[in-house]
Amino acid sequence: MQNLNLRSLESKTWRANQQDGLFDLFFGALFLGVALSQLADGLWGNDAVTLAVLICTQSGGALGLWLARRAFTQPRIGVVRFAPPRKRRLRTACLILAVCVAVTLALVILTALSIQGGGPFAGPVSRYTVSAIASALILIPLAVIAYFQEFPRILVHAMLFIGAELGGTWLEQSTRAPFPRAITFGAAAVVSAFVGAVLLVRFLSIQPEGPSDEAGGGHA
């Protein structure tokens, strides 16, 4: 019975730790990085600049997530230390998320090659194929994270990625709009940031700031 209560307490603590909206804002930064990198590619056509913009923006988002957690979340719910099984799942989730970021990097490179009309992914059919593959490579690991980490809201951001990627390809092929992926991923970034901002404001209003004590999750 005690072990069951500890599991329930840990689960509740974990869910509370995900209600600050900061991870949603982090996804907004990831989408913004893709949008800005696509804008930079369209303006300058330099792969090094494109990758630098993407890496700097997304790295800044990761740093901002860490700093915001220390500034907003920890003073209110403390430093949460979870049981070893939860920690292992967290490490796995971080690894999967790193793979997702690597996929977005590869996507930027492939998109740049296809826009220039060269490489193995030139042509409209191949671009749709690349978009579909990239969407699957993002959706599957994020769905796994959402399930095992009890964080279904991640699926919202996964669907935003798919919509932005496929929508960008459609804009590029059907309307010839300038900077199509800058438009679609910029829109996805706005949605993610809005969701995160609403949750953060709600979290700050209902969670009073208190002493930054350590909160143990209990061993499951």
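Counting begins at 1 with the first residue of the sequence.
Val195 is not connected to Leu155 by any chain of hydrophobic side-chain contacts under 4.5 Å among Ile, Leu, Val, Met, Phe, Trp and Tyr, and they are in different clusters. Both Phe26 and Leu204 belong to a common hydrophobic cluster when Ile, Leu, Val, Met, Phe, Trp and Tyr are linked at side-chain heavy-atom distances under 4.5 angstrom.
With sequence neighbours excluded, the residues that form a side chain to side chain contact (heavy atoms under 4.5 Å, CB included) with Ile162 are Ser135, Leu139, Met159, Leu166. By the side-chain hydrogen bond (donor to acceptor under 3.5 Å, both in side chains) test, Trp44 pairs with no residue at all, sequence neighbours left out. Residues passing the side chain to side chain contact (heavy atoms under 4.5 Å, CB included) test with Leu39, sequence neighbours excluded: Leu43, Phe179, Ala182. By the side chain to side chain contact (heavy atoms under 4.5 Å, CB included) test, Leu22 is found to be paired with Asp20, Leu25, Leu65, Ala68, Arg69, Thr73, Leu200, residues two or more places apart in sequence or in another chain being considered. Partners of Ser205 according to the side-chain hydrogen bond (donor to acceptor under 3.5 Å, both in side chains) rule, which considers only residues two or more places apart in sequence or in another chain, do not exist here.
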With a 3.5 Å cut-off and sequence neighbours excluded, list the donor-acceptor pairs that the side chains of residues 183-190 form with protein atoms.
from, atom 1, to, atom 2, distance (Å)
Thr184, OG1, Ala164, O, 2.8
Thr184, OG1, Pro180, O, 3.4
Thr184, OG1, Arg181, O, 3.4

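Distance check, rounded to the nearest 0.5 Å: CG of Leu160 to CD of Glu165 gives 13.5 Å. Once rounded to the nearest 0.5 Å, the distance linking CD of Gln18 with CZ of Phe151 reads 4.5 Å. Annotation: the span from Ile206 atom CD1 to Arg76 atom CZ amounts to 11.0 Å, rounded to 0.5 Å. Rounding to the nearest 0.5 Å places CZ of Phe161 at 7.5 Å from CZ of Phe31.
Taking the six-membered ring where tryptophan is involved, the planes of Phe27 and Phe23 are perpendicular, since the angle between them exceeds 60° and thus also 30°.
Here the closest heavy-atom approach between residue Val53 and residue Thr57 is recorded as O-OG1, 2.7 Å. Across every non-hydrogen atom of Gln173 and Tyr128, the tightest pair is CB-OH, 3.7 Å. Nearest heavy atoms, Ala29 versus Gln58: O-CG, 4.3 Å.
Other members of the hydrophobic cluster containing Leu67, listed by chain and number, are Leu63, Trp66; membership follows side-chain contacts under 4.5 Å among ILVMFWY residues, whether direct or relayed. With side-chain heavy atoms closer than 4.5 Å counting as contact, directly or through intermediates, the hydrophobic cluster containing Phe194 also holds Val198.
Phe72 is not listed as a side-chain neighbour of Gln207, based on a closest heavy-atom distance of 4.5 Å or more. For the pair Leu30/Val34, no side-chain contact is recorded, criterion being any heavy-atom separation below 4.5 Å from C-beta on.
Each salt bridge (Lys or Arg N to Asp or Glu O under 4.0 Å) pair with one or both residues in residues 21-37, not counting sequence neighbours, appears once here: Asp24-Arg153.
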